[in-house]
Amino acid sequence: MALLHRATLRPTKLELLTTWLPDRQWWQGPAGVEVVSRGAYRFDDPAGEVGIETILVTAADGPVHQVPLTYRAAPLADADEWLVGTTEHSALGRRWVYDACADPVYAAALTHAVLAGPGQAEQYFEVDGRREVRPPTVTIEVSGDGGAVPAVDAVRQVVDEVDTVIVTDAVELVVVRRPVAAEVGARGATLSGAWDGQPTPLPLAYVRRL
């Protein structure tokens, strides 16, 4: 489960992405135009240290893009090229925001979500000692293979092109940057999602055992 904080961010996540996205080679949209969220989903970090959120964004009349992010309380070693920016969180202090595709915590969480079948984490707020669940804005489906989930401890290589390929010792992950209709399972166990304006689930990520 993902505990959310009723807090402010300066700059906001979307402000960071508006600046960062135009330099990505997989981005199709105008520069200098504020991006808009179409929905988001989260995974759990079992250690409770790293926030893991994937945001679906668009700008103007451009296509929907998928942007996985991790939020850290300190810089991720050897990952400067994957830094989206820093933001001040009113409850947690400074947070370092990374393109999650280079973050081993994200790689492990995505692998577990797809192969073990839990999908996304339930999001909630603590309100006067009670748990207030936040309804999801993206509906997730997974087609895991039912086998044991391998340990993912490190990211060995990231190939950031039209889609982003994440290579680890145990699995190869593919993050679909611009989701489109495709045959589910064609490239491995699949995570698919639907959101407002896209009622038919589209493949968002694939996991293939090595």
Side-chain angles (χ1 to χ4, degrees), residues 1-5 7-27 35 40-57 65-116 118 120-121 123 148-177 188 191 204-210:
M1 302 183 74
L3 172 62
L4 306 178
H5 297 270
T8 57
L9 292 175
R10 298 180 184 275
T12 68
K13 291 174 280 190
L14 293 179
E15 287 171 341
L16 288 175
L17 290 177
T18 294
T19 301
W20 179 79
L21 281 169
D23 290 332
R24 305 309 106 193
Q25 62 178 347
W26 40 264
W27 173 252
V35 300
Y41 60 97
R42 286 181 177 260
F43 298 141
D44 280 325
D45 169 20
E49 296 294 329
V50 179
I52 310 170
E53 181 180 28
T54 299
I55 307 177
L56 298 168
V57 300
H65 293 73
Q66 180 177 212
V67 188
L69 300 172
T70 51
Y71 310 119
R72 288 177 165 268
L76 176 63
D78 301 319
D80 288 352
E81 67 178 298
W82 304 100
L83 180 67
V84 175
T86 60
T87 186
E88 295 296 330
H89 190 290
S90 61
L92 301 176
R94 177 162 295 183
R95 308 296 284 176
W96 280 257
V97 182
Y98 287 93
D99 180 340
C101 292
D103 195 319
V105 173
Y106 170 75
L110 177 58
T111 300
H112 185 266
V114 177
L115 296 184
Q120 65 180 307
Q123 302 177 48
V149 179
V152 175
D153 299 317
V155 171
R156 300 303 180 191
Q157 183 183 20
V158 180
V159 182
D160 199 28
E161 296 180 343
V162 176
D163 293 332
T164 301
V165 179
I166 307 165
V167 181
T168 76
D169 287 340
V171 296
E172 181 180 275
L173 309 165
V174 178
V175 174
V176 180
R177 291 298 193 172
L191 181 144
L204 299 176
Y206 301 94
V207 179
R208 182 174 66 86
R209 297 175 186 269
L210 298 179

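This is a predicted model, so every value here is computed, not measured.
- Remark: the backbone N or O of Leu76 is paired with a side-chain donor or acceptor of Tyr98 at under 3.5 angstrom.
- For the pair Ala100 and Thr70, the tightest heavy-atom approach, listed with the atom from each and the gap, is CB-CG2, 3.6 Å.
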Task: side-chain contact (heavy atoms from CB on, under 4.5 Å) evaluation trace for Leu21 with Val57 - done: CA-CA 10 Å; Leu21 281 169; Val57 300; 3.9 Å; yes

Open item on the list: Please evaluate residues Trp26 and Val162 with respect to the criterion side-chain contact (heavy atoms from CB on, under 4.5 Å), reporting the C-alpha separation (whole Å), side-chain torsions for both, the decisive distance (0.1 Å), and the verdict.
Closed with: CA-CA 5 Å; Trp26 40 264; Val162 176; 5.5 Å; no

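- Shown here are the side chain to side chain contact (heavy atoms under 4.5 Å, CB included) partners of Ala109, two or more places apart in sequence or in another chain: Phe43, Ile52.
- Taking every heavy atom of both residues into account, Trp20 and Leu83 meet most closely at NE1-O, 3.9 Å.
- Residues that satisfy the salt bridge (charged side-chain N to carboxylate O under 4.0 Å, His left out) test with Arg72, not counting sequence neighbours, are Asp103.
- Between the side chain of Thr87 and the main chain of Pro11, a donor-acceptor pair closer than 3.5 Å is present.
- Expressed to the nearest 0.5 Å, how far CD of Glu172 lies from OG1 of Thr111 amounts to 11.0 Å.
- Under the side chain to side chain contact (heavy atoms under 4.5 Å, CB included) rule, Tyr106 has a single partner from Asp99, Leu173, Ile166, Val155, which is Ile166.
- Pairing each heavy atom of Glu53 with each of Lys13, the nearest pair is OE1-NZ, 2.9 Å.
- Partners of Trp27 according to the ring pair (Phe, Tyr, Trp, His ring centres under 6.0 Å) rule, which considers only residues two or more places apart in sequence or in another chain, are His65.
- With sequence neighbours excluded, no residue satisfies side-chain hydrogen bond (donor to acceptor under 3.5 Å, both in side chains) with Asp45.
- When all heavy atoms of Ala107 and Thr168 are compared, the closest pair comes out as CB-CG2, 4.4 Å.
- Counting all heavy atoms, side chain and backbone alike, Gly188 lies closest to Tyr206 at O-CD2, 4.0 Å.
- Contacts of Asp169 classified as side-chain hydrogen bond (donor to acceptor under 3.5 Å, both in side chains), with partners at least two apart in sequence or in another chain: Arg156.
- Within 6.0 Å of atom CG in Asp23, more than 12 heavy atoms from other residues, nucleotides or ligands are found, so the atom counts as buried in its surroundings.
- Residues meeting the side chain to side chain contact (heavy atoms under 4.5 Å, CB included) test with Leu69, sequence neighbours left out: Leu17, Ile55, Val67, Tyr71, Val84, Val97.
- In this structure, the side chain to side chain contact (heavy atoms under 4.5 Å, CB included) partners of Gln25, at least two apart in sequence or on a different chain, are Glu161.
- Although no hydrogens or angles enter the test, the distance criterion places a donor-acceptor pair under 3.5 Å between the side chain of Gln66 and the main chain of Val176.
- Residues passing the side-chain hydrogen bond (donor to acceptor under 3.5 Å, both in side chains) test with Thr164, sequence neighbours excluded: Asp160, Arg177.
- Applying the salt bridge (charged side-chain N to carboxylate O under 4.0 Å, His left out) rule to Arg94 yields the partners Glu88; only residues at least two apart in sequence or on another chain are considered.
- The side chain to side chain contact (heavy atoms under 4.5 Å, CB included) check on Glu81 picks up nothing, with sequence neighbours excluded.
- A donor-acceptor pair is defined here as one N or O able to donate and one able to accept, closer than 3.5 Å; no such pair exists between the side chain of Thr8 and the backbone of Ser90.
- Counting all heavy atoms, side chain and backbone alike, Pro150 lies closest to Arg209 at CD-NH1, 3.4 Å.
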